[in-house]
**Q** 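A single structure is presented below for examination.
Every chain is numbered from 1, with letters handed out A, B, ... down the list of sequences. Note that the coordinates shown come from a computational prediction; the quantities given were computed from them, not determined experimentally.
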Protein chains: 2
Amino acid sequence: MTERTVRRQARGLKRMAEILDAAEAVIAELGYPDMTTNQVAARAGVSPGTLYQFFRNKEEILDGLVARYTVDRAEYWSARLAAVTPGIPLEALVGQLVDESVRFKSESPAYWSLLYGTATGDRFAAASQRLHDDVALRIADMLRRRSPGLPEERARLMGTMALAMVKAVMPMVTSSPPQRSAELVAELKHLLVRYLG
Amino acid sequence: MTERTVRRQARGLKRMAEILDAAEAVIAELGYPDMTTNQVAARAGVSPGTLYQFFRNKEEILDGLVARYTVDRAEYWSARLAAVTPGIPLEALVGQLVDESVRFKSESPAYWSLLYGTATGDRFAAASQRLHDDVALRIADMLRRRSPGLPEERARLMGTMALAMVKAVMPMVTSSPPQRSAELVAELKHLLVRYLG
DNA sequence: GACAAATGCGAGCTTTAACTTGTATTTCTG
DNA sequence: CAGAAATACAAGTTAAAGCTCGCATTTGTC
């Protein structure tokens, strides 16, 4: 009833990370809706009971993953942002960021799988919405660094749109043969340059 | 074993349409994964057994919906395509088509819910892939009508990209307050004009 | 070293949703 | 009209998946 907070030991925190790793792998393969908690437990090398020691239900696993991603991505984009020299040509900037997105997608397919969720339950939608807003804001920051005159409102809108473009093309990129894939990436860069320029 | 084909009577065809209507409504509310066949049957005013008289399993309902949509959309776009005068300014063309997409989306949310499926099982992905390709081809046709010099390959790529852009912005449009929604639509048109021009 | 709390197990409970089955009724065809 | 095929019903079966429970083991603290 009174919802005590549990004092986690080092072992417990490690287990939680292992369970999240397992969930990430399963989501990458099957997507969140088809992920089963027993699968995750088995993959993490623990029993179902142990899983529920750390996560009260399936949705809390999702929350944990999203939280971890958010932190990781914040660090990643901060580093990227700092490395951007203000005078870099737009072509080069877009080229780099798109390439990195493609690379990241192939490394962390679960992240994208979450980013697409729209019609899969409220909690799920809310989680991916948070991720989306976070990334869009970081893109807006970057744009304003490059063009200090850009109004904040406009930068946000452009960030949102740019992210939407990348999101839209990404699944086609990863599910196509290499040549078509390269075509799509090139076209996406071209599109973004025209839009942002 | 030998998979007989059933001779449908008029009543049966009508029932099938009613069941698909019900499925469409449920998908619009909950999405395909959370749709239950019992729900669909209840909404259609038939028993579960009757539903399974016409659809062997849940996926076949999806197939039926997609088939119906494909036919409907083919007719719709054919009519649109014929109405396009070759000399129309790009702004007007894009403006019209985006507006119509927005209107259609608010009328048939299930269609879009299907169009987004990526990580929800093979059959589902294949179905939305078919829808996607079909629409992209029709956009490519339209572009080549306007610009006869455009190579077919290039037109297809542009059609695919343009559809992806619309797809990407649409969920934000319908889940935002009217003012923001209008902003997003305007920005989408601007983006498409810059890209296609 | 002792006690409490955290961790761990895995069999099994419970619910839910896809689907079946047996039977009754309506419609088409000769 | 008669038989066959299609349509209709709803109670019931089944399997899967989320989650619980009782108990054993490990870890941290005094």
**Q** Within the structure, does a side-chain N or O atom of T50(B) lie under 4.0 Å from either OP1 or OP2 of dT7(D)?
**A** no
**Q** Sequence neighbours excluded, which residues qualify as side chain to side chain donor-acceptor pair (under 3.5 Å) partners of D21(B)?
**A**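 Side chain to side chain donor-acceptor pair (under 3.5 Å) check on D21(B) returns R68(B).
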**Q** Measure from CE on M16(B) to C1' on dA6(D) and round the result to the nearest Å.
**A** 13 Å
**Q** On the nucleotide dA8(D), are OP1 or OP2 found under 4.0 Å from the side-chain N or O atoms that S47(B) carries?
**A**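 Negative; the distance criterion is not met.
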**Q** Can you give one letter per nucleotide of nucleotides 14-30 of chain D, 5' to 3': B if a protein heavy atom sits under 4.0 Å from the base, S if only from the sugar-phosphate, - if neither?
**A** ---SSBB-----BSSS-
**Q** Report the distance from atom CD of Q53(B) to atom C1' of dT7(D), rounded to the nearest whole Å.
**A**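 Taking atom C1' of dT7(D) as the reference, CD of Q53(B) is at 6 Å.
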**Q** Return the set of residues passing side chain to side chain donor-acceptor pair (under 3.5 Å) with K189(A) (not counting sequence neighbours), or none when no residue passes.
**A**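 Checked K189(A) against side chain to side chain donor-acceptor pair (under 3.5 Å); matches are D99(A).
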**Q** What is the distance from CZ of R43(B) to P of dA17(C), rounded to the nearest Å?
**A**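 Result: 15 Å.
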**Q** Could you give the NZ-to-C1' distance, from K14(B) to dA6(D), as a whole number of Å?
**A** 16 Å
**Q** Taking CZ from F54(B) and P from dA5(D), how many angstroms apart are they, rounded to a whole number?
**A**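 Whole-Å distance recorded here is 17 Å.
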**Q** Any carboxylate oxygen within less than 4.0 angstrom of a Lys/Arg side-chain nitrogen, looking at E183(B) and R156(A)?
**A** no
**Q** Would you mind listing every side chain to side chain donor-acceptor pair (under 3.5 Å) that reaches into residues 80-91 of chain B, with sequence neighbours excluded?
**A** R80(B)-E100(B)
**Q** Please collect all ring pair (Phe, Tyr, Trp, His ring centres under 6.0 Å) contacts where either partner lies in residues 62-95 of chain B, sequence neighbours excluded, each pair once.
**A**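 As it turns out, the ring pair (Phe, Tyr, Trp, His ring centres under 6.0 Å) pairs with a partner in residues 62-95 of chain B, which skip direct neighbours, are Y69(B)-Y111(B).
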**Q** dT16(C) C1' sits how many Å from Q39(B) CD, rounded?
**A** 12 Å
**Q** With sequence neighbours left out, write down each residue that passes side chain to side chain donor-acceptor pair (under 3.5 Å) with T36(B), or none if nothing qualifies.
**A**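 Listed in chain order: Q39(B).
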